[in-house]
Amino acid sequence: MRNSSKISNHRIFVVAIAIMIAARRLLPQTSQLLNPNSIFTRANTHAPSLSKHAHPSHPIPYLMPLISTRPTGTGDSKILTFDSSECGSLANLSVPQGVKLVINDKVKSYSPVNLPPSSSDSVSDSNSHTIELLVKPYPPVPSGGFGKFLCDLDVGETAPLIIKPDRQIHGSSNVTDRWEKVCLLGGGTGIAPLLQIARANLQDEDSKPEVIMVSVNRGDDVLMKPEIDALASAHPDRFKVHYLDTSEGSRGTPEFIRGAFRITPSTPIPQDDELMILICGSDGFVDYWAGGIVRDENNKKVQGTLRGVLAEIEELNAEHIYKF
Ligand SMILES: Cc1cc2nc3c(=O)[nH]c(=O)nc-3n(C[C@H](O)[C@H](O)[C@H](O)COP(=O)(O)OP(=O)(O)OC[C@H]3O[C@@H](n4cnc5c(N)ncnc54)[C@H](O)[C@@H]3O)c2cc1C
């Protein structure tokens, strides 16, 4: 009897020590999400060790450490660089790569602006194992605040991120060497995935698509302008950028799009592989330009009917447009 009580006391002691060690490991994550300035009140329940066993397409978040942060130079948005080396197999993921931030079972999408590593990148090259996110800290609303959460992270803290599976754009995940003219229409932080697509097309010396970007912003808060202008200087024959400032109440028109993307009434109706317009921005932004994205009976996002400004350009049809 005495022996069995000793054994059970010993077991209780061992279990208590194990719980204390596990709690200490989780503490930085817990305190991060319980920060009084944060609207998140529940601890992340995914222990760091779980991330080691997750596949990039598996819905268990990686706890990616923030390794550096810098302001974009305009407004309050930041470029946040996360160490993605734990994910291991990010090499050769197709562009645009996407990640999801998962907190309290709520999820929001973010888009790396840097290119994923290629298989030729050395494992020792630390630049090839990072994810750079352009993030704007919108003043949080209830159940939101994800942008502020990311922007408030200190170097060394982690964010629970999932690597999204490849994005299918009209039946294929390929965005390079596919269309003759790639037109990118981004509002605010919506420019992030479009910049990655521009970079992927321009770095590919073998294919020569023309890339035209329209960046829509209010006032001086033009996100990633230095980086975009640098790309335009480096590829003057293949990359053109137009900035549209909507602060004075001016909104884009069909004429503006015709001019920027050079679609004229005398242009023959483009074939699918000639021209693609990729649109990314807030729901209101996408709705204004091309009609809203809708959800099907499985709550999956589908493109919805083409409406808005682009629907007024008769040379275009839904096959020429993709809404993020
Ligand atoms: C495919 C995809 C890629 C995205 N990539 C990025 C990215 O790279 N970087 C990034 O910062 N965001 C990106 N977003 C937007 C991101 O997912 C969040 O919607 C955004 O961070 C706002 O969330 P929040 O919780 O901070 O805002 P909330 O707290 O929910 O809202 C705060 C306020 O901001 C307004 N707001 C919310 N979202 C937007 C928006 N997108 N534009 C303008 N106003 C808004 C709300 O109406 C509200 O008034 C992307 C979205 C999608 C669908």
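Positions are given from 1, in the same order as the sequence printed here. In listed order, ligands and their atoms are each counted from 1.
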[X], any N or O under 3.5 Å of ligand 1 N or O:
X: Ser109; result: yes
X: Ser111; result: yes
X: Tyr110; result: yes
X: Gly281; result: no
X: Ala192; result: no
X: Gly145; result: yes
X: Cys280; result: no

Shortest non-hydrogen contact from Pro96 to Ile169?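 Taking every non-hydrogen atom into account, CD-CD1, 4.5 Å.
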
Which one of Thr189, Leu194, Leu101 has a non-hydrogen atom at the shortest distance from atom 10 (C) of ligand 1?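 Closest candidate by heavy-atom distance is Thr189.
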
Residue part near ligand 1, for [X], under 4.0 Å between non-hydrogen atoms:
X: Arg167; result: side chain
X: Pro139; result: backbone
X: Leu134; result: backbone

Go through ligand 1 atom by atom and flag the ones less than 4.0 Å from a non-hydrogen atom of [X].
X: Ser282; value: 40 (C), 41 (N), 42 (N), 43 (C)
X: Gly144; value: 25 (O), 28 (P), 29 (O), 30 (O)
X: Gly147; value: 24 (P), 26 (O)

Would [X] and [Y] count as having a side-chain donor-acceptor pair, cut-off 3.5 Å?
X: Asp245; Y: Ser247; answer: yes
X: Tyr322; Y: Arg167; answer: yes
X: Tyr243; Y: Asp229; answer: yes
X: Thr81; Y: Thr130; answer: no
X: Ser109; Y: Lys164; answer: yes
X: Asp220; Y: Thr74; answer: no

Check contact between Val135 and ligand 1, using heavy atoms of the residue and a distance below 4.0 angstrom.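 Checking ligand 1 against Val135, which is what was asked, there is a heavy-atom contact under 4.0 Å.
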
Taking the six-membered ring for Trp, are Phe285 and Trp289 parallel (under 30°), tilted (30 to 60°) or perpendicular (over 60°)?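 If you compare the ring of Phe285 with that of Trp289, the planes turn out tilted.
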
Atom NZ of Lys100: over 12 foreign heavy atoms under 6.0 Å: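 No, because the 6.0 Å sphere around NZ of Lys100 holds 12 heavy atoms or fewer from other groups.
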
